Amino acid sequence: MKPAWRDELMAEYADLADKLERLLPCVEVPMHLPWIDAIQALKRERGAVVMAHSYQSPEIFHGVADVTGDSLALAQAAAGCDAEVVVLCGVHFMAETAKILAPKVKVLIPDAQAGCSLADSITAADVRMLRARHPGAPVVTYVNTSAEVKAESDACCTSANAVQVVEAMGADKVIFLPDRYLGAHVAIQTNVKLVLWDGRCEVHETFTAAQARHARERFDARLVAHPECPPEVLAEADFVGSTSAMGAWLEREQPERVALITECSMADNLRLRFPATEFIKPCNLCPHMKRINLQNIHACLRDLAPEVTVPEDVAARARRALERMLAVGRGERA
């Protein structure tokens with residue numbers, strides 16, 4: 001049942017409403033507030049923590065999330081979590097990661113169909129095949145993968161620490177999975193030979209160099225790109241880095257105008273931190289991230305479902321790979 005509007009909501013959530021009105025069409029804010037209020041009440045009742053990825057919409061990221069950030073930040077938060085319930089506002093592999101690192105916590109995802117093209121691009125059998133082809137080469141797997149794939153890996157990484165994790169393997173050759181473009185970007189920063197897989201992010205792979213040049217030439221914008229973009233896009237960028245590193249670069253450079261070549265909500269959620277910077281948005285929406293909304297977060301907390309589980313034998317092996325990633329931490333140079 002839809003939460004009822006109360007006239008007091010605008011006063012009770014005045015600071016949040018002011019934030020959201022700077023990020024969303026103002027007519028949307030009164031529509032969101034009853035859901036936000038109802039979610040906050042359910043969080044208290046359930047002893048729940050809401051974690052939201054940087055690609056979540058502002059009403060989620062700013063309105064109901066207790067923990068926000070990139071994949072590494074959410075994994076680190078999950079590893080130290082002592083809540084009874086975690087609601088992971090992101091995609092399925094992120095919820096699996098939270099469950100693996102916090103096995104005693106009930107982990108929920110608002111929409112179980114929120115997937116990922118990278119996670120879908122590779123299977124555990126593919127990893128075993130690559131190991132057979134390259135005996136002795138350790139496997140470093142991007143965190144954007146299923147629990148079964150992580151379980152077949154020696155270590156996981158994020159875009160924030162991929163180079164450091166690869167080099168921590170102490171090997172001349174490393175199998176790096178599954179994102180080909182991130183792998184190519186890592187390869188130019190290390191002397192380790194990388195064996196790559198042809199996985200792609202459906203959000204980032206469709207950006208073009210022409211779009212990047214247009215943002216620079218038409219709007220006189222600095223260009224910041226995620227390393228999951230094609231190499232010709234990265235070649236146009238002033239800076240290439242993970243979502244967290246993008247924020248650090250903006251903090252340092254304070255550009256008048258910037259184009260973030262990544263998922264659209266990234267720019268929305270950074271605009272509050274950098275009010276003096278104009279954000280140009282040659283962006284793409286992630287259809288999987290956008291499956292998450294206030295309505296299904298509310299239903300998730302109300303029903304304590306869908307719950308994410310990982311078989312213990314798979315979780316134990318995947319946990320070792322994730323713990324190696326966490327040991328390296330945020331190795332990226334912003």
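Just so you know, these numbers come straight off a predicted model, no measurement behind them.
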Quiz prompt | Sequence-distant partners of Cys283, disulfide bond (SG atoms under 2.5 Å apart), two or more places apart | solution = Cys264

Quiz item: Taking Arg222 for the side chain and Asp238 for the main chain, is one N or O donor matched with an acceptor at less than 3.5 Å?
Solution: no

Self-check item: Gap separating the CG atom of Leu182 from the SG atom of Cys201, nearest 0.5 angstrom
Solution: 10.5 Å

Self-check item: Where Arg131 and Ala137 come nearest, the two heavy atoms and their spacing
Solution: NH1-O, 3.9 Å

Self-check item: 4.5 Å side-chain heavy-atom contact, Val233 and Tyr181
Solution: no

Practice problem: Please report the closest heavy-atom contact between Thr68 and Ala65, naming both atoms and the distance. | Solution: CG2-CB, 3.6 Å

Self-check item: Ser265 to Tyr55 - nearest heavy-atom pair and separation
Solution: CB-O, 3.4 Å

Exercise. Go through the steps to decide whether His288 and His92 satisfy the test side chain to side chain contact (heavy atoms under 4.5 Å, CB included), and finish with yes or no.
Key: CA-CA 9 Å; His288 308 291; His92 196 267; over 6 Å; no

Quiz item: Using the ring of each side chain (for Trp, its six-membered ring), is Phe207 parallel, tilted or perpendicular to His204, with breaks at 30° and 60°?
Solution: tilted

Practice problem: Determine whether more than 12 heavy atoms belonging to other residues, nucleotides or ligands lie under 6.0 Å from atom CD of Glu84. | Solution: no

Quiz item: Got a sec, which residues hit side chain to side chain donor-acceptor pair (under 3.5 Å) with Ser71, two or more places apart in sequence or on another chain?
Solution: none

Quiz item: Between Asn269 (side chain) and Gln56 (backbone), is there a donor-acceptor pair under 3.5 Å?
Solution: yes

Self-check item: Rounded distance (nearest 0.5 Å) linking atom CG of Leu234 with atom CG of Leu223
Solution: 11.0 Å

Exercise. Taking atom CG of Asn191 as the centre, report whether more than 12 heavy atoms of other residues, nucleotides or ligands fall under 6.0 Å from it.
Key: no

Quiz item: Distance-only, no hydrogens or angles: does the Thr277 side chain make a donor-acceptor pair with backbone N or O of Pro255 under 3.5 Å?
Solution: yes

Practice problem: Find out whether Met10 and Trp5 are in side-chain contact, i.e. whether some heavy atom of one side chain is under 4.5 Å from a heavy atom of the other. | Solution: yes

Which atom pairs, donor and acceptor, lie under 3.5 Å between side-chain atoms of residues 165-174 and protein residues at least two apart or in another chain?
from   : atom 1 : to     : atom 2 : distance (Å)
Glu167 : OE2    : Thr190 : OG1    : 3.0
Lys173 : NZ     : His134 : ND1    : 3.2

Self-check item: Shortest non-hydrogen contact from Val310 toward Ala147
Solution: CG1-CB, 3.8 Å

Quiz item: Distance-only, no hydrogens or angles: does the Asp154 side chain make a donor-acceptor pair with backbone N or O of Val139 under 3.5 Å?
Solution: yes

Quiz item: Quick one: salt bridge (Lys or Arg N to Asp or Glu O under 4.0 Å) pairs with a partner in residues 194-213, sequence neighbours left out?
Solution: Arg180-Asp198, Asp198-Arg200, Arg200-Glu205, Arg213-Glu236

Self-check item: Pairs satisfying salt bridge (Lys or Arg N to Asp or Glu O under 4.0 Å), at least one member in residues 19-33, at least two apart
Solution: Asp18-Arg22

Quiz item: Quick one: does Leu101's side chain get under 4.5 Å of Leu326's, heavy atoms only?
Solution: yes

Quiz item: In chain order, what residues pass the side chain to side chain donor-acceptor pair (under 3.5 Å) check against His298, with sequence neighbours excluded?
Solution: none

Quiz item: Is a side-chain N or O of Ser146 found less than 3.5 angstrom from the main chain of Val149, in a donor-acceptor match?
Solution: yes

Self-check item: Test item: Lys43 side-chain N/O and Val64 main-chain N/O as donor-acceptor pair under 3.5 Å
Solution: yes

Practice problem: Decide if atom CZ of Arg133 counts as having more than 12 heavy atoms of other residues, nucleotides or ligands within a radius under 6.0 Å. | Solution: no

Quiz prompt | Short side-chain to backbone donor-acceptor contact, Asp268 and Pro58, under 3.5 Å | solution = no

Quiz item: If Ile, Leu, Val, Met, Phe, Trp and Tyr residues are connected whenever their side-chain heavy atoms lie under 4.5 Å apart, and connections chain through other members, are Ile60 and Val85 in the same group?
Solution: yes

Quiz item: How close do Phe239 and Met246 get, heavy atom to heavy atom, and via which atoms?
Solution: CE2-N, 4.2 Å

Quiz item: Are side-chain heavy atoms of Glu59 and Met31 found at a separation under 4.5 Å?
Solution: no

Quiz item: Ala77: what forms a side-chain contact (heavy atoms from CB on, under 4.5 Å) with it, not counting sequence neighbours?
Solution: Met51, Val67

Quiz item: Is Val224 reachable from Leu270 through a run of hydrophobic residues whose side-chain heavy atoms are each under 4.5 Å from the next?
Solution: yes

Self-check item: Non-neighbouring partners of His226 that pass side chain to side chain donor-acceptor pair (under 3.5 Å), sequence neighbours left out
Solution: none

Quiz item: In the single-linkage hydrophobic clustering (I, L, V, M, F, W, Y; side-chain heavy atoms under 4.5 Å), do Val143 and Met289 co-cluster?
Solution: yes

Quiz prompt | Closest contact, heavy atoms only, Val105 versus Cys81 | solution = CG2-O, 4.2 Å

Quiz item: Has the side chain of Thr158 got a donor or acceptor atom that lies under 3.5 Å from a matching backbone atom of Ala160?
Solution: yes

Self-check item: Contacts of type side-chain contact (heavy atoms from CB on, under 4.5 Å), residue Ala267, not counting sequence neighbours
Solution: Leu260, Phe279, Lys281

For residues 121-130, dump all side-chain donor-acceptor pairs below 3.5 Å to protein atoms at least two apart in sequence or in another chain.
from   : atom 1 : to     : atom 2 : distance (Å)
Ser121 : OG     : Leu118 : O      : 2.7
Thr123 : OG1    : Ala125 : N      : 3.4
Thr123 : OG1    : Asp126 : N      : 3.1
Thr123 : OG1    : Asp126 : OD2    : 3.1
Asp126 : OD2    : Thr123 : N      : 2.9
Arg128 : NH1    : Glu152 : OE2    : 3.0

Quiz prompt | Option passing side-chain contact (heavy atoms from CB on, under 4.5 Å) with Pro110 (candidates Asn296, Val50, Leu301, Leu88) | solution = Asn296

Quiz item: To the nearest 0.5 Å, how far apart are CG in Leu33 and CG in Leu20?
Solution: 7.0 Å

Quiz item: Should Leu24 and Leu285 be regarded as members of a common hydrophobic cluster, given that ILVMFWY residues are connected when their side-chain heavy atoms come within less than 4.5 Å of each other, either directly or indirectly?
Solution: no

Exercise. Check whether any side-chain heavy atom of Lys150 lies under 4.5 Å from a side-chain heavy atom of Thr97, and answer yes or no.
Key: yes

Quiz item: Among the clusters formed by ILVMFWY side chains lying less than 4.5 Å apart, do Val192 and Leu177 turn up in the same one?
Solution: no

Quiz prompt | Gap separating the OG1 atom of Thr208 from the NE2 atom of His214, nearest 0.5 angstrom | solution = 10.5 Å

Quiz item: What is the distance from atom CD of Glu228 to atom OG1 of Thr262, rounded to the nearest 0.5 Å?
Solution: 7.5 Å

Practice problem: Return the set of residues passing side chain to side chain donor-acceptor pair (under 3.5 Å) with Arg6 (not counting sequence neighbours), or none when no residue passes. | Solution: Glu12, Asp37

Quiz item: If you look only at pairs with a residue in residues 284-295, which of them pass as a salt bridge (Lys or Arg N to Asp or Glu O under 4.0 Å), with sequence neighbours excluded?
Solution: Asp111-Arg291, Glu263-Lys290

Quiz prompt | Spacing of CG belonging to Leu272 relative to NE2 belonging to His62, to within rounding of 0.5 Å | solution = 4.5 Å

Quiz item: Side chain of Asn144, backbone of Ala119: donor and acceptor closer than 3.5 Å?
Solution: no

Quiz item: Are the side chain of Arg46 and the backbone of Arg302 linked by a donor-acceptor contact shorter than 3.5 Å?
Solution: yes

Self-check item: More than 12 heavy atoms from other groups under 6.0 Å of CZ on Arg218
Solution: no

Self-check item: Pairwise side-chain contact, Gln40 with Tyr13, heavy-atom cut-off 4.5 Å (strictly under)
Solution: yes

